[in-house]
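The figures here come from the full heavy-atom set of this structure, side chains too, leaving out hydrogens, waters and symmetry mates. This structure is a prediction, so every number in the text was calculated from the model and none was measured.
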Amino acid sequence: MQHTFYRIAFSVGMLATFAALGHAGDQDRPNIVVILCDDLGYADVGFNGATDIATPQLDQLAAAGTIFTSAYVTHPFCGPSRMGLMSGRYPHSFGAPYNLPNSGLGIQAYNREGIDVNETLISTVLQDAGYRTGAIGKWHMGYEHPFHPNQRGFDEFYGFLGGGHQYFPDRYRPIYERQIRAGKTTINDYIAPLEHNGKTVNETEYITDGLSREAVRFVQSAGDKDQPFFLYLAYNAPHSPLEAKVEDLARFAGIKDKKRQTYAAMVYAVDRGVGRLVQSLKDSGEFDDTLIVFLSDNGGKLGLGADNGPLREGKGSTHEGGYRVPMFFHWPGKVPAGDRYHHPVSALDFYPTFARLAKAEIPATKTLNGKDIWDDLLAGRSARQGEMIFALRHRSGYSDVGARRDAWKICRTAQTPWKLFNLDDDLGETQDLSDAYPEKVAAMVEEAERWSRDHTTPRWFDDEEAEQQWHQTGMPNYKATLQVK
């Protein structure tokens, strides 16, 4: 079945109508809060089976909502995954399959790039529909003015524009100040000051706590206005560097592996922040009118404390551990409580689903790769029966590919032959069934090849060497990769 692009448009004049409606007068339009962790392992929250990491606040929300056991993001690492979520498209389709590199590398051609300005983001769609919009935390979608959160549909932004950050201001600020005094013009993202709406700020708290504080401030401010709100809270935890507060480390003194202990403490700090956010929603009377979505941007990074069990591999991989993530929806009285939704869904589906719930108008020219899953979620049926979900990561001279349709998953890595797995029976991708079902492999590979036809040349790369290798090896080499061998 050929991959389908979903286009949604609402009637002319709806935008003005919704802008005039106050939240109190339109209670069926929820506030929407997306909480995104960075490099969080599939098994590193209590609601997905963690026993050594305590996440009581998240577990309470998950238990009162619906847990998605087969939730996927659009790419197995940070920047492209976020761009896919916000645009509702696979990042390969607009030249964004690589992370934007650290601005401290001084690669000006890359620093001037960012998420395609022709892509209307879900934040803009909700903002135009009368939502108060806020982005807190990690952006990683562009540094310059056209790509800045305040130019891409967010009324408020507090955080950092790069791909990561150190966590303790009293440690990174002296380094930054020394480099400024020395006249250094390219500063590592991880030590640069945070900003609020384009102006640098003097953050004083452990970064995770500071981002939680700002999320609470946004809810308190937005709750005072007669309009719904959209909050995108993108924690950088538990992404490296592994840095945790002493008191949080003490909670996990029983974990002997120091990386795992620090990682656990970082996840716990996120959980604490979610508890603060939930309390602010309750205090402002908005909790019952808020859809909360929690997930990770990709799989946990093996070797830095994460656990993706029972999935295979981790961040960067097109096996399940790379892009299948922990996720839940919570909305009292609306999202089924205590349920587990086992059918595959994608972060691509957020865009049309949120727009539907917000009664927002999506531009008629906007191409989407996701679909509105709301009715299927409530009915407990598959929203993507017979349809494919893809992941593709470019490497040096070849690409790794993973694609799922219903229970079946094809995967090709490191230029080895295609493998086929039945994920219902073999979640860990251990039993290759390609010899038993060659026709299934051929059909799925053919569909993956069709999916790749609208991919464009990357507009930037992880670094200059990656760009050189791309040209030297004749990438993307889809003719060789996306065929049965």
Where at least one partner belongs to [range], residue pairs that pass salt bridge (charged side-chain N to carboxylate O under 4.0 Å, His left out), sequence neighbours excluded:
{"range": "residues 227-240", "value": "none"}
{"range": "residues 140-150", "value": "none"}
{"range": "residues 246-269", "value": "Asp44-Arg260, Asp52-Arg260, Lys245-Glu247, Asp248-Arg272"}
{"range": "residues 164-183", "value": "none"}

Sort out for me which residue in Tyr206, Tyr190, Tyr235 forms a ring pair (Phe, Tyr, Trp, His ring centres under 6.0 Å) with Tyr167. Tyr206

Going by an N to O cut-off under 4.0 Å, is there a salt bridge joining [X] and [Y]?
{"X": "Asp349", "Y": "Lys371", "answer": "no"}
{"X": "Asp38", "Y": "Arg82", "answer": "yes"}
{"X": "Asp28", "Y": "Lys359", "answer": "yes"}

Could you list the residues that satisfy side-chain hydrogen bond (donor to acceptor under 3.5 Å, both in side chains) with Thr69, not counting sequence neighbours?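 Checked Thr69 against side-chain hydrogen bond (donor to acceptor under 3.5 Å, both in side chains); matches are His342.
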
May I have all residue pairs that pass ring-ring contact (aromatic ring centres under 6.0 Å, His included) and include part of residues 63-88, sequence neighbours excluded? Phe68-Phe329, Phe68-Tyr341, Tyr72-Tyr323, His75-Phe77, His75-His92

With sequence neighbours left out, which residue pairs that include part of residues 268-297 fulfil the ring-ring contact (aromatic ring centres under 6.0 Å, His included) condition?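 Listed by first then second residue: Phe252-Tyr268, Phe287-His330, Phe294-Phe328.
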
Residue set satisfying salt bridge (charged side-chain N to carboxylate O under 4.0 Å, His left out) with Glu205, at least two apart, ordered chain then number -> Arg213

Which residues pass the salt bridge (charged side-chain N to carboxylate O under 4.0 Å, His left out) test with Arg395, not counting sequence neighbours?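 By the salt bridge (charged side-chain N to carboxylate O under 4.0 Å, His left out) rule, Arg395 matches Asp400.
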
Please find out if less than 6.0 Å separates the ring center of Trp139 from that of Phe147.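 For Trp139 and Phe147, the ring centres are not under 6.0 Å apart.
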
Hey, do the aromatic rings of Tyr98 and Trp460 have their centres closer than 6.0 Å?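 For Tyr98 and Trp460, the ring centres are not under 6.0 Å apart.
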
Quick check: do Leu295 and Val73 have side-chain heavy atoms less than 4.5 Å from each other?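 Yes, side chains in contact.
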
Please report, to 0.1 Å, the donor-acceptor pairs under 3.5 Å made by any side chain of residues 299-308, with sequence neighbours excluded.
unit_1, atom_1, unit_2, atom_2, d
Asp307, OD1, Gly309, N, 2.8
Asn308, OD1, Tyr42, N, 3.2
Asn308, OD1, Gly300, N, 2.9
Asn308, ND2, Gly300, O, 3.0
Asn308, ND2, Glu313, O, 3.2

Within the distance-only criterion (no hydrogens, no angle test), does the side chain of Lys138 pair as donor or acceptor with the backbone N or O of Gly164 below 3.5 angstrom? no

Distance (rounded to the nearest 0.5 Å) between [X] [atom1] and [Y] [atom2]:
{"X": "Leu211", "Y": "Leu277", "atom1": "CG", "atom2": "CG", "result": "12.0 Å"}
{"X": "Ile136", "Y": "Leu36", "atom1": "CD1", "atom2": "CG", "result": "13.5 Å"}
{"X": "Leu61", "Y": "Phe47", "atom1": "CG", "atom2": "CZ", "result": "9.5 Å"}
{"X": "Thr367", "Y": "Glu119", "atom1": "OG1", "atom2": "CD", "result": "7.5 Å"}
{"X": "Asp271", "Y": "Thr55", "atom1": "CG", "atom2": "OG1", "result": "5.5 Å"}

Would Tyr131 and Asn31 count as a side-chain hydrogen bond (donor to acceptor under 3.5 Å, both in side chains) if you check the C-alpha gap in whole Å, the side-chain angles of each, and the deciding distance to 0.1 Å? CA-CA 8 Å; Tyr131 273 64; Asn31 306 310; over 6 Å; no

Report the residues that fulfil ring pair (Phe, Tyr, Trp, His ring centres under 6.0 Å) with His165, sequence neighbours left out, ordered by chain and then residue number. Phe160, Tyr172

Run the ring pair (Phe, Tyr, Trp, His ring centres under 6.0 Å) test against Phe350 and tell me which residues pass, sequence neighbours left out.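 Result, ring pair (Phe, Tyr, Trp, His ring centres under 6.0 Å) vs Phe350: Phe354.
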
Taking atom NE2 of His145 as the centre, report whether more than 12 heavy atoms of other residues, nucleotides or ligands fall under 6.0 Å from it. no

